[in-house]
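We count residues from 1, following the sequence as given.
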Amino acid sequence: MTLTLSSTQVLAGLGVLFALFMVWRVGARKARRAAETARAGARVVSLAGRVLFTGAAFVGVQWLVITHPGNPTLLLVVLGVPDLIAAYVLTRALTVTSLDTSRRGGGR
């Protein structure tokens with residue numbers, strides 16, 4: 001069994017292979033972008049959950065100390081420590097230290 005192909009058929013076959021390769025590359029790029037977008041969205045949801053949990057914990061401890069008075073130093077500590085933590089977190093969040101995007105291909 002002998003396979004005889006003309007030069008036109010060989011070029012057409014190479015063209016089809018090249019087209020399939022290009023479609024695969026475009027699909028891989030779109031998948032990578034979609035994954036990066038999903039990760040960014042998950043980061044926001046995860047951050048919101050942690051903020052709500054920490055806020056609820058602070059409020060619970062503060063409520064417990066305020067409703068059972070007796071130690072003014074403990075009251076000041078319980079009301080002051082969350083303010084210091086919030087100030088630290090806000091300062092870190094509002095200070096830009098790095099750019100969280102990576103672009104390849106020379107910025108095309």
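For F21, the ring pair (Phe, Tyr, Trp, His ring centres under 6.0 Å) test picks out W24, with sequence neighbours left out. With sequence neighbours left out, V16 forms a side-chain contact (heavy atoms from CB on, under 4.5 Å) with L20. Partners of S6 according to the side-chain contact (heavy atoms from CB on, under 4.5 Å) rule, which considers only residues two or more places apart in sequence or in another chain, are T8, Q9.
Taking CD1 of I85 as the reference point, atom CG of L90 lies at 12.0 Å (rounded to 0.5 Å). Summarising the geometry, atom CG belonging to L79 is positioned 7.5 Å from atom CG belonging to D83; distances are rounded to the nearest 0.5 Å.
Listed by chain and number, the hydrophobic cluster partners of V23 come to none, as no ILVMFWY side chain reaches under 4.5 Å of it. Within the hydrophobic cluster formed by Ile, Leu, Val, Met, Phe, Trp and Tyr side chains joined at under 4.5 Å, directly or through other members, L17 stands alone, with no partner residue.
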Identify all side-chain donor-acceptor contacts of residues 54-67 below 3.5 Å with residues at least two apart in sequence or on another chain.
unit_1 : atom_1 : unit_2 : atom_2 : d
T54    : OG1    : R50    : O      : 2.8
Q62    : NE2    : V78    : O      : 3.3
T67    : OG1    : W63    : O      : 2.8
T67    : OG1    : L64    : O      : 3.2

